[in-house]
Q: 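Okay, here's the structure, questions in a sec.
Residue numbering restarts at 1 for every chain, and letters A, B, ... go by the order of the sequence lines. Note: hydrogens, waters and symmetry copies are ignored here, and every other heavy atom, side chains too, is used.
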Protein chains: 2
Amino acid sequence: MPPRSPTSRDVARLASVSRTTVSYVLNNSDSGIAVSPATRKRVLDAARDLGYHPNAAARSLRSQKAGVVGLVTYASTMQMGANAFMPLVLDGVMSVLGGAGVKLIVEAAIPGQPDPCVGLARGGHVDALIVTGARPADNGLRVLHADGVPIVLWGMLAGSDLPFVDVDNVAAARMAVEHLLDLGHERIACITNAPPSNNSAAADRLLGYRTALESRGIVVDEVLVRRANYDEVSGFEAMRDLLAQTVRPTGVFVASDEVALGALKAARVIGVTVPDDLAIVGFDDLPIAPFVEPSLTTIRVPAREIGIVAARMIIAMMANGSIATSTTLATELIVRESSGTLRA
Amino acid sequence: MPPRSPTSRDVARLASVSRTTVSYVLNNSDSGIAVSPATRKRVLDAARDLGYHPNAAARSLRSQKAGVVGLVTYASTMQMGANAFMPLVLDGVMSVLGGAGVKLIVEAAIPGQPDPCVGLARGGHVDALIVTGARPADNGLRVLHADGVPIVLWGMLAGSDLPFVDVDNVAAARMAVEHLLDLGHERIACITNAPPSNNSAAADRLLGYRTALESRGIVVDEVLVRRANYDEVSGFEAMRDLLAQTVRPTGVFVASDEVALGALKAARVIGVTVPDDLAIVGFDDLPIAPFVEPSLTTIRVPAREIGIVAARMIIAMMANGSIATSTTLATELIVRESSGTLRA
DNA sequence: TTGTACGCGTTATCAT
DNA sequence: ATGATAACGCGTACAA
């Protein structure tokens with residue numbers, strides 16, 4: 001059995017003061033109450049010598065604050081290991097939270113199981129939540145929000161007034177497709193991700209695709225719109241099906257880089273050369289994008305910054321009790337080889 | 001202000017019973033004490049109607065258990081977003097912990113800052129720790145272990161008796177290099193990762209490389225041993241330098257797939273064809289490995305299973321109070337295109 | 001079968 | 001400037 005960690009009582013005993021004084025010295029350092037420097041030093045030394053760490057449970061029980069933020073992923077496709085994007089966000093979140101001395105509990109929602117956010121918040125495990133992949137049907141979030149639990153969404157929740165951080169997916173997708181249009185392509189396909197009933201990001205990217213084409217007076221051929229499932233395999237299959245069409249597209253907008261990698265492979269296997277026979281634009285600008293063959297033209301999404309901003313918003317909400325204003329981060333078209341040059 | 005979450009007192013009131021009864025019904029369901037079915041139902045209904053969730057802090061304070069495991073990464077190169085491997089492990093950990101109703105706190109050690117493991121464990125934030133990238137110098141772990149805190153390492157800690165889960169990096173690397181030898185290569189280079197003072201995985205992979213060559217009577221040419229830094233860019237640079245040699249290698253063992261992707265790019269840029277001019281074997285078998293061009297021959301490391309096993313070991317240790325026995329997971333050589341065929 | 005009372009470690013209030 | 005005391009919400013030994 002572990003020798004129980006020292007308590008403030010132990011520190012008090014060693015420093016020959018009361019627990020109250022220990023508490024003052026350790027927390028209220030800048031409060032109105034003064035403590036004699038000698039006493040202060042004795043307490044500090046005692047705490048250090050004992051390796052004292054205040055008990056989280058007791059502190060939390062007393063203060064009614066957990067000092068912990070929850071990061072919850074809903075859609076399985078958004079989960080930690082499922083795609084290469086999420087970890088970058090997590091990294092950003094951790095850097096901000098760590099700096100603020102706030103802990104991070106990570107949890108994944110499992111379909112059919114009780115909403116983890118509710119348990120986390122109601123049980124006092126966390127003071128606030130960063131949520132991604134939530135669907136409108138998850139009204140647990142609404143209730144928590146109504147009750148004043150600070151919540152920040154990564155990605156918008158359709159028809160919700162929860163504060164979020166996101167990119168303008170419609171505009172970004174439009175930018176990607178317009179790049180292809182500007183290169184002279186007219187028959188442009190789209191591989192977007194299958195929305196888990198309604199992932200607004202996937203839907204918005206598709207919308208951006210449609211908007212771009214329509215703004216140039218091109219009618220969208222629905223046979224050119226395909227669904228993938230966030231990974232390479234599904235991208236491979238989508239592209240394979242696309243290239244089985246009698247009239248092949250000359251350009252493809254793929255709504256995520258990992259899927260694009262699978263698509264690239266399919267083209268290669270089929271004998272379609274990228275970018276000469278087929279121009280491809282991805283989405284995300286993952287670290288691998290510059291290194292795949294051919295290097296991937298894509299939309300840069302500031303993944304780590306998304307995490308940073310979300311965490312900052314949450315920290316602010318916890319401090320102020322206010323509701324942060326939603327943030328839309330900028331994307332950027334990164335032109336590399338896969339989109340090729342001006343079409344003859 | 002949030003309307004405070006309901007307490008067991010509220011449940012008791014609504015069900016017209018005492019708090020004790022509520023506690024019995026909710027926790028001790030299978031205890032010796034019996035509760036009348038009618039009462040039980042009243043309590044359950046009341047809890048459900050109120051959306052009651054036991055307060056984590058109070059429960060933890062009382063039980064002296066946090067119900068939380070900490071996942072701590074030390075080396076920055078091992079951090080969540082830094083490479084594509086860690087998220088897969090995290091995913092495995094989460095799946096096991098979630099099923100056991102145990103929460104997960106994720107934290108990254110920052111050089112120069114106090115060891116997060118100590119604060120996490122001593123402060124009672126967590127009951128146990130899963131640790132990766134720890135260096136022998138971090139003796140906080142030793143002390144915690146000596147005090148009976150359940151700890152599992154992912155990757156071995158040199159000269160430590162902490163239980164770990166890992167793969168046999170020496171054997172795996174040897175297998176990779178022997179594959180190249182079997183294909184008829186003799187001048188084989190190695191790009192391993194720069195150990196953060198002492199990452200045993202990196203060192204072991206290098207050792208496996210040396211062992212393989214020496215077992216065939218080949219003297220290692222130190223000019224063929226290069227260091228990368230876990231990412232594509234460093235892999236690119238390492239390969240570029242390698243190919244600047246007067247006598248180029250015909251095969252390269254790269255100690256991680258992401259680095260291999262960078263190396264692949266460098267070869268392409270320089271005009272060296274893989275696998276015809278240069279055979280490459282990677283390590284990890286990331287999801288992207290089959291999709292890069294050419295598809296990557298590599299060592300499969302069961303990333304998700306590493307997480308699963310580590311979590312299971314931790315759960316067992318928390319339950320038994322025992323010390324789990326270390327686990328070494330199997331690797332496998334996955335032959336794809338990048339290593340080419342038998343050399344003329 | 002159910003209720004009463006205590007303590008887990010902290011911090012805040014109130015005396016001294 | 002410092003110390004005694006109460007309360008946070010829960011679980012359980014004990015009494016009824």
Q: Mind calculating the distance between CZ (R122(B)) and C1' (dG9(C)) to the nearest angstrom?
A: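 Distance, rounded to whole Å: 16 Å.
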
Q: Does the side chain to side chain contact (heavy atoms under 4.5 Å, CB included) test come out yes or no for E107(B) and L120(B), once each step is laid out?
A: CA-CA 9 Å; E107(B) 192 153 343; L120(B) 245 22; 3.6 Å; yes

Q: Using whole Å, what does the distance between atom P of nucleotide dC10(D) and atom CG of L61(A) come to?
A: 9 Å

Q: Give the nucleotide from the list dG3(C), dG9(C), dC10(D) with an atom nearest to the side chain of Y52(B).
A: dC10(D)

Q: Does S322(A) have any side-chain hydrogen bond (donor to acceptor under 3.5 Å, both in side chains) partners at least two apart in sequence or in another chain, and if so, which?
A: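 S322(A) satisfies side-chain hydrogen bond (donor to acceptor under 3.5 Å, both in side chains) with N320(A) only.
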
Q: So which heavy atom on A47(A) is nearest to which on V11(A), and how close?
A: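 The pair with the smallest heavy-atom distance is N-CG1, 3.9 Å.
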
Q: Please tell me if Q64(A) has a side-chain N or O lying less than 4.0 Å from either OP1 or OP2 of dT11(C).
A: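 Checking Q64(A) against dT11(C): no side-chain N or O falls below 4.0 Å of OP1 or OP2.
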
Q: Send over the distance from N27(B) CG to dC10(D) P, rounded to a whole Å.
A: 10 Å

Q: Please compare N55(A) and S16(B) by the position of their nearest nucleotide in DNA chain C and report the one closer to 5'.
A: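 Looking at DNA chain C, the more 5' nearest nucleotide goes with S16(B).
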
Q: If we only count heavy atoms from C-beta on, is the V69(B) to L129(B) side-chain gap below 4.5 Å?
A: no

Q: Considering only heavy atoms from C-beta outward, does the side chain of S95(B) approach that of I308(B) to under 4.5 Å?
A: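 Yes, their side chains come closer than 4.5 Å.
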
Q: Send over the distance from H125(B) NE2 to dG9(C) P, rounded to a whole Å.
A: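 For the pair H125(B) NE2 and dG9(C) P, the rounded distance is 15 Å.
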
Q: CZ of R9(A) versus P of dC8(C): gap in Å, rounded?
A: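 That distance rounds to 7 Å.
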
Q: Check every atom of dT2(C), dG3(D), dC10(D) against the side chain of Y24(B) and return the nucleotide holding the closest atom.
A: dT2(C)

Q: Testing L44(A), D10(A), T39(A), V17(A) one by one against V22(A) for a side chain to side chain contact (heavy atoms under 4.5 Å, CB included), which residue passes?
A: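 Result for side chain to side chain contact (heavy atoms under 4.5 Å, CB included) with V22(A): V17(A).
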
Q: Report all interatomic pairs (protein N or O, nucleotide N or O of nucleotides 5-7 of chain D) with separations under 3.5 Å.
A:
from, atom 1, to, atom 2, distance (Å)
dA7(D), N3, R62(A), NH1, 2.8

Q: I want to verify a distance call: between dT10(C), dG9(C), dC10(D), whose nearest atom is closest to the P54(A) side chain?
A: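 So the side chain of P54(A) is nearest to dT10(C).
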
Q: Could you state the atom-to-atom distance from CG of L26(A) to C1' of dG9(C) in whole Å?
A: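 Roughly 13 Å, once rounded to whole Å.
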
Q: Can you tell me the distance, in whole Å, between the CZ atom of R13(B) and the C1' atom of dT2(C)?
A: 18 Å

Q: Taking only side-chain nitrogens and oxygens of T39(B), does any of them come within less than 4.0 Å of OP1 or OP2 of dT2(C)?
A: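 Yes.
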
Q: Nearest 0.5 angstrom please: N55(A) CG to R59(A) CZ, how far?
A: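 Between atom CG of N55(A) and atom CZ of R59(A) there are 9.5 Å.
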
Q: Please find the pair of heavy atoms, one from P163(B) and one from I323(B), that lie closest to each other, and give the distance.
A: CG-CG2, 4.0 Å

Q: Which nucleotide wins on minimum distance to the side chain of S18(B), given the candidates dC10(D), dT2(C), dT10(C)?
A: dT2(C)

Q: Over the length of the helix from dT1(C)-dA16(D) to dT16(C)-dA1(D), how much do the five-pair end axes diverge, rounded to 10 degrees?
A: 50°

